Amino acid sequence: MPRLSRRSFLAASTALVARPALGAPLAAAAADFDVVIVGAGAAGIAAALRLNAAGRRYVLIEAADHVGGRCITDTGTFGVPFDRGAHWIHLPDSNPVARLTPGQGIELYPAPRSQKVRIGLRYAREGELEDFLAAQVRATRAIDEAARKSDGACEQALPNDLDDWQPTVEFVLGPFAYGKDLAQLSAADFSRAPERSSDAFCRQGFGGLLAARAAGLAVQLSTPAIAIDLGRNVAVQTPKGTIAARAAIVTVSTNVLAAGGIRFTPALPQRVREAFNRLSLGSYDHIALELNGNPLGLDSDDLVFERSADTHTAAILGNVSGTSLCLIEVAGSFGGDLSAQGQVAMVDFAGEWLAKLYGNQVTKAVNRASATRWNADPFARGAMSAAAPGGHAARAVLAEPMDDAIWFAGDAVHDTLWGTVGGAWESGARAADAVLRRLNGVREPSAEEPRSSRKRKPVRRHRLEGFHGTPRIMREE
Ligand SMILES: Cc1cc2nc3c(=O)[nH]c(=O)nc-3n(C[C@H](O)[C@H](O)[C@H](O)COP(=O)(O)OP(=O)(O)OC[C@H]3O[C@@H](n4cnc5c(N)ncnc54)[C@H](O)[C@@H]3O)c2cc1C
């Protein structure tokens with residue numbers, strides 16, 4: 001592999017977008033760049049914006065031919081924005097990704113704060129919905145309580161009075177919220193996630209919003225990092241040449257890292273490799289159906305669950321942003337098994353499941369269909385990071401720099417907002433701040449320093465909703 005200079009590396013790339021990212025040159029810099037950022041998802045974009053603002057020389061490389069990672073909007077398949085990855089903008093008032101620049105043509109609006117539940121061919125009545133919401137609250141409190149004692153599986157903490165609602169509660173709190181069954185989910189992780197008391201949607205898609213935030217950044221697309229060598233500098237090997245930088249921020253998903261998607265020399269410490277596995281991504285996919293004539297009779301962005309006899313269920317997000325697009329959300333082990341069978345099986349499931357809940361005529365209304373399969377995407381290998389039982393502490397392991405030269409960032413590297421675009425963004429910005437301090441000669445506390453001396457903010461949390469919305473009861477018409 002030829003070792004390219006910064007100039008020839010830039011020239012070699014056919015996918016250089018916008019202007020090159022050159023800040024004020026450093027005096028005695030031996031490396032081509034101050035920082036190389038690997039991955040242009042939310043974390044990588046946030047890191048690049050920070051370094052750009054600080055006038056540092058950085059390069060942002062991305063394996064795919066587009067930015068956004070697990071937060072991308074597809075406008076080609078249906079002619080309307082289809083978020084293939086993240087869609088709910090959680091806590092929009094404090095979500096850093098939701099900060100808009102006027103004139104970018106991006107519109108956010110509040111997500112409806114209600115849920116409907118289908119029981120067979122009818123909607124749940126008011127009393128039934130109250131029972132469902134109360135069961136969610138009991139389950140959430142029990143998991144929070146259990147997490148105070150140990151970081152076991154959420155499932156072990158479930159109270160035994162959830163009755164008929166147990167499978168639905170398990171689906172809503174586990175796969176639907178975090179991509180993993182409650183048996184595979186850390187109670188400590190769950191209990192530290194903040195109440196998602198408000199959500200917003202973006203009319204241009206969440207991916208459209210993230211791409212707008214990245215506008216003007218120089219990104220080397222179709223440039224996967226193959227290997228990262230730590231010597232005097234950090235050397236990142238790509239098919240287009242090797243980039244030498246003083247530091248690296250690596251934002252690729254834990255599943256890509258656990259699968260050896262990037263070779264590190266020297267090998268990463270065991271505890272870091274274990275952290276990738278403990279913070280693995282769960283499974284979550286959208287089966288998108290374009291339906292003629294609103295056969296489900298839903299309002300814009302209605303969220304519907306099923307009172308199900310088991311967790312082999314799904315959720316409906318109806319008439320996305322007022323379009324005829326309905327998303328059938330499949331997740332957790334059931335969703336993962338289904339997506340392994342391929343798009344046809346996924347679309348068949350969606351049709352049969354909707355027919356069970358709304359009648360056979362629904363399947364005749366399907367015009368076009370498409371399903372995401374994030375587990376099969378080589379640059380993601382899953383949906384969102386959620387700690388395995390006992391795994392929450394691994395988030396702190398990934399937050400520590402390696403030899404003051406490599407920082408990990410992304411949705412696995414956030415103590416509370418893990419598994420979200422906002423969390424990934426914040427972790428990328430924090431990694432960039434830490435790198436900037438290091439470049440300016442400020443040392444971070446080392447990993448060995450007792451963490452007990454670092455105060456943690458208590459997390460206020462009492463959610464009444466299951467996940468994306470708050471619990472306002474939707475009455476049957
Ligand atoms: C279906 C689905 C639904 C979701 N729903 C929501 C939601 O509603 N709200 C929410 O907040 N979050 C949601 N999430 C989670 C959210 O999308 C992620 O947490 C977030 O986008 C992760 O950002 P990131 O920057 O950490 O990682 P990524 O987005 O994965 O970015 C990493 C980047 O690295 C690139 N890459 C991989 N390997 C290499 C390599 N070797 N070299 C260079 N580049 C590489 C990837 O292509 C990618 O662009 C959802 C995710 C999915 C999949």
Side-chain angles (χ1 to χ4, degrees), residues 36-48 59-72 83-92 95 97-98 111 176-179 193 196 199-202 206-207 209-210 214 219-228 236-239 243 248-257 259-263 279 281-288 317 327 329-331 335 339 371-375 377-386 398 408-414 417-428 431 467-468:
V36 52
I37 305 164
V38 182
I45 291 167
V59 58
L60 173 55
I61 62 168
E62 166 56 50
D65 61 3
H66 55 264
V67 300
R70 284 170 277 153
C71 183
I72 46 160
D83 277 325
R84 300 189 68 86
H87 183 62
W88 273 265
I89 305 169
H90 303 306
L91 304 170
N95 193 320
V97 190
F176 181 67
Y178 302 122
R196 289 171 179 173
D199 292 302
F201 292 128
C202 178
F206 200 172
L209 166 62
L210 184 60
V219 188
Q220 303 278 353
L221 298 173
S222 307
T223 308
I226 299 164
I228 299 183
V236 178
Q237 238 181 70
T238 80
I243 306 163
I249 299 176
V250 178
T251 72
V252 310
S253 80
T254 46
N255 280 20
V256 170
L257 291 165
I262 299 176
R263 196 182 66 246
L279 303 174
L281 311 188
S283 186
Y284 193 114
D285 282 298
H286 308 293
I287 307 168
L317 184 68
L327 303 182
E329 310 285 77
V330 290
S339 93
T372 64
R373 295 180 63 233
W374 283 97
N375 298 346
D377 181 327
F379 303 136
R381 293 179 177 269
M384 64 234 351
S385 167
L398 286 198
F408 290 103
D411 72 334
V413 196
H414 200 291
L417 302 175
W418 47 268
T420 67
V421 177
W425 180 284
E426 275 192 12
S427 89
F467 168 54
H468 297 303

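Both ligands and their constituent atoms are indexed starting at 1 by order of listing. This one's a predicted model, so the numbers in the text were calculated from it and none came from an experiment.
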(message) Using modelled atom types and a 3.5 Å cut-off, is there a donor and acceptor pairing between side-chain atoms of R381 and backbone atoms of V256?
(response) no

(message) Need the ligand 1 atom indices (1-based, order shown) with element for anything under 4.0 Å from a heavy-atom of G41.
(response) 25 (O), 29 (O), 31 (O), 33 (C), 49 (O)

(request) Please could you name the atoms of ligand 1 that V38 approaches to less than 4.0 Å, counting only its heavy atoms? (result) 42 (N), 43 (C)

(request) Could you list the residues that satisfy side-chain contact (heavy atoms from CB on, under 4.5 Å) with T372, not counting sequence neighbours? (result) F82, R84, D285, H286, W374

(message) Ring-plane angle category for W88 and F176, please: parallel below 30°, perpendicular beyond 60°, tilted otherwise.
(response) perpendicular

(request) Look at ligand 1 and say whether T251 reaches it with a heavy atom at a distance under 4.0 Å. (result) yes

(request) Please verify whether a non-hydrogen atom of A42 lies at under 4.0 Å from ligand 1. (result) yes

(message) Need the ligand 1 atom indices (1-based, order shown) with element for anything under 4.0 Å from a heavy-atom of G69.
(response) 29 (O), 48 (C), 49 (O)

(request) With rounding to the nearest 0.5 Å, note down the distance linking SG in C202 to CG in L210. (result) 10.5 Å

(request) Measure the shortest side-chain to side-chain distance between R70 and L281 over non-hydrogen atoms and say whether it is less than 4.5 angstrom. (result) yes

(request) Indicate yes or no: does an N/O atom of A225 lie under 3.5 Å from an N/O atom of ligand 1? (result) yes

(message) Any nitrogen or oxygen of V252, side chain or backbone, less than 3.5 Å from one on ligand 1?
(response) no

(request) Kindly confirm or rule out an N or O of V421 lying under 3.5 angstrom from an N or O of ligand 1. (result) yes

(message) Can you tell me how far apart CZ (R196) and CG (L417) are? Round to the nearest 0.5 Å.
(response) 8.5 Å

(message) Are any of the N/O atoms on S253, whether in the backbone or the side chain, positioned under 3.5 angstrom from an N/O atom of ligand 1?
(response) no

(message) If I take atom CG from residue D83 and atom CG from residue L317, how far apart are they, to the nearest 0.5 angstrom?
(response) 10.0 Å

(request) For ligand 1, find out whether one of its N or O atoms is nearer than 3.5 Å to an N or O atom of W88. (result) yes

(message) Measuring from non-hydrogen atoms of G68 to any atom of ligand 1, is the shortest distance under 4.0 Å?
(response) yes

(message) Just verifying a value: how many Å separate Y284 OH and E329 CD, rounded to the nearest 0.5 Å?
(response) 3.5 Å

(message) With nothing but distance in play, are any N or O atoms of D285 less than 3.5 Å from an N or O of ligand 1?
(response) no

(request) To the nearest 0.5 angstrom, please state how far the OG1 atom of T251 sits from the CD1 atom of I61. (result) 9.5 Å

(request) Check each heavy atom of R84 against ligand 1 and say whether those closer than 4.0 Å belong to the side chain, the backbone, both or neither. (result) backbone

(request) Please identify which atoms of ligand 1 are closer than 4.0 Å to at least one heavy atom of D411. (result) 18 (C), 19 (O), 22 (C), 26 (O)

(message) Please report whether ligand 1 has a polar contact with A63, defined as an N or O pair separated by less than 3.5 Å (distance criterion only).
(response) yes

(request) Using side-chain contact (heavy atoms from CB on, under 4.5 Å) as the criterion, point out the one residue from V252, L257, I249 that pairs with F408. (result) L257

(request) Would you kindly specify which portion of I226 sits under 4.0 Å from ligand 1, judged on non-hydrogen atoms: side chain, backbone, both or neither? (result) neither

(request) Using a strict 4.0 Å cut-off to heavy atoms of P224, name the atoms of ligand 1 that fall inside it. (result) 42 (N), 43 (C)

(request) Take D411 and S385 through the side-chain hydrogen bond (donor to acceptor under 3.5 Å, both in side chains) test and state the conclusion after the steps. (result) CA-CA 6 Å; D411 72 334; S385 167; 4.9 Å; no

(request) Looking only at distances, please establish whether an N/O atom of ligand 1 is found under 3.5 Å from an N/O atom of R70. (result) yes

(message) Checking the N or O distance criterion of under 3.5 Å, is ligand 1 in contact with W374?
(response) no

